[in-house]
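Position 1 is the first residue of the sequence, and the numbers go up from there.
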Amino acid sequence: MPRGVGGHPALDFCNTWAGWGEPAHPRQEWLPDYDHFTVWAMHAGLTTDEACERLRRRAGPSRSAAAEVLDQARELRTALYAVLLDRADRAAFATVAAHAERAAAAAVLAPLAPTDSTGSGRLPDAPMARWELPDRSGLALPLLAVAHTAAALLTTPDRPRINACPGHNCGWLFLNPRGRRRWCAMSSCGNRAKVHAHAQRRREGGNSRNEGSHWS
């Protein structure tokens with residue numbers, strides 16, 4: 001699974017494709033099949049371990065249905081990436097909105113446990129319930145969960161603070177609230193850029209010395 005560098009599950013979902021804006025290559029795809037998608041959703045905290053295992057078992061005899069869900073997930077991913085970087089992309093927004101509306105329609109209001117972590121009773125300001133996607137959502141559960149978290153991101157002030165990594169074959173998205181971050185990760189794209197810049201300076205320095213020797 002790709003590293004979670006986005007700071008939000010919806011951004012990490014977009015980052016399951018590497019090389020935005022570059023020619024497509026199979027190695028850029030982190031979600032090659034439904035099984036990977038389901039496991040990614042579990043690692044991202046969008047589904048439980050138990051739900052992940054149930055979905056993986058169900059997908060085996062329902063390959064065509066699972067493949068259709070994966071196609072829809074990739075459609076959502078492309079549209080979400082586009083609208084996060086360009087809020088004027090109305091076609092992309094319409095695609096994200098359609099997925100989000102299906103997720104909202106499928107959600108149920110579920111009560112939360114009546115006690116706090118100490119077992120002494122509910123905290124006065126603790127919520128009583130939360131929206132959940134039920135198991136009856138079937139194979140679409142991880143897709144609905146992603147659409148739900150995408151809508152949550154789009155309805156917060158965080159969208160203008162999202163940047164795309166300029167690294168080669170990257171384009172991963174991340175929250176950048178202070179505006180000081182440039183790379184998805186300094187240990188990968190940042191270091192590669194530093195190595196490339198250092199090599200470029202050495203080449204330019206060597207060319208300058210050679211030209212000086214020629215004219216001396």
[X] versus [Y], closest heavy-atom pair with distance:
X	Y	answer
L141	P134	CD1-O, 4.1 Å
P2	T16	CG-CG2, 4.2 Å
A151	A100	CB-CB, 3.7 Å
P142	T38	CG-OG1, 4.3 Å
A150	A10	CA-CB, 3.8 Å
L144	A103	O-CB, 3.4 Å

Side chain to side chain, [X] and [Y], heavy atoms closer than 4.5 Å:
X	Y	result
M128	P111	no
L85	L173	yes
H168	E22	yes
L31	R77	yes
L175	P177	yes
T78	W17	no
L76	F13	yes
L153	L84	yes

Sequence neighbours excluded, which residues qualify as side-chain contact (heavy atoms from CB on, under 4.5 Å) partners of [X]?
X	answer
E68	Q72
D71	R74
A65	S62, L139

Any pair counted as ring pair (Phe, Tyr, Trp, His ring centres under 6.0 Å), so long as it reaches residues 46-65, sequence neighbours left out: none

The complete set of ring pair (Phe, Tyr, Trp, His ring centres under 6.0 Å) pairs with one or both residues in residues 61-87, sequence neighbours excluded, reads W20-Y81

To the nearest 0.5 Å, what is the distance between [atom1] on [X] and [atom2] on [Y]?
X	Y	atom1	atom2	value
F93	R87	CZ	CZ	9.0 Å
C52	L46	SG	CG	11.5 Å
T156	H8	OG1	NE2	6.0 Å
L143	L70	CG	CG	9.5 Å
H43	D49	NE2	CG	8.5 Å

Contacts of type side chain to side chain donor-acceptor pair (under 3.5 Å), residue H36, not counting sequence neighbours: D33

N163: side chain to side chain donor-acceptor pair (under 3.5 Å) partners, not counting sequence neighbours: N176

For W172, which fellow cluster members are found when Ile, Leu, Val, Met, Phe, Trp and Tyr are connected by side-chain heavy-atom distances below 4.5 angstrom, either directly or through intermediates? V5, W30

Expected output: side-chain D12 to main-chain N15 donor-acceptor under 3.5 Å: no

Does Y34 have any ring pair (Phe, Tyr, Trp, His ring centres under 6.0 Å) partners at least two apart in sequence or in another chain, and if so, which? none

Sequence neighbours left out, what pairs pass side chain to side chain donor-acceptor pair (under 3.5 Å) with at least one residue falling in residues 93-109? E75-H99, H99-R102

Which residue pairs pass the side chain to side chain donor-acceptor pair (under 3.5 Å) test with at least one member in residues 127-154, sequence neighbours excluded? R54-D135, R58-D135, R130-E132

Whether R181 engages the ring of F174 as a cation-pi pair (distance to the six-membered ring centre under 6.0 angstrom, angle to the ring normal within 45°) should be assessed. yes

All salt bridge (Lys or Arg N to Asp or Glu O under 4.0 Å) counterparts of R63, not counting sequence neighbours: none

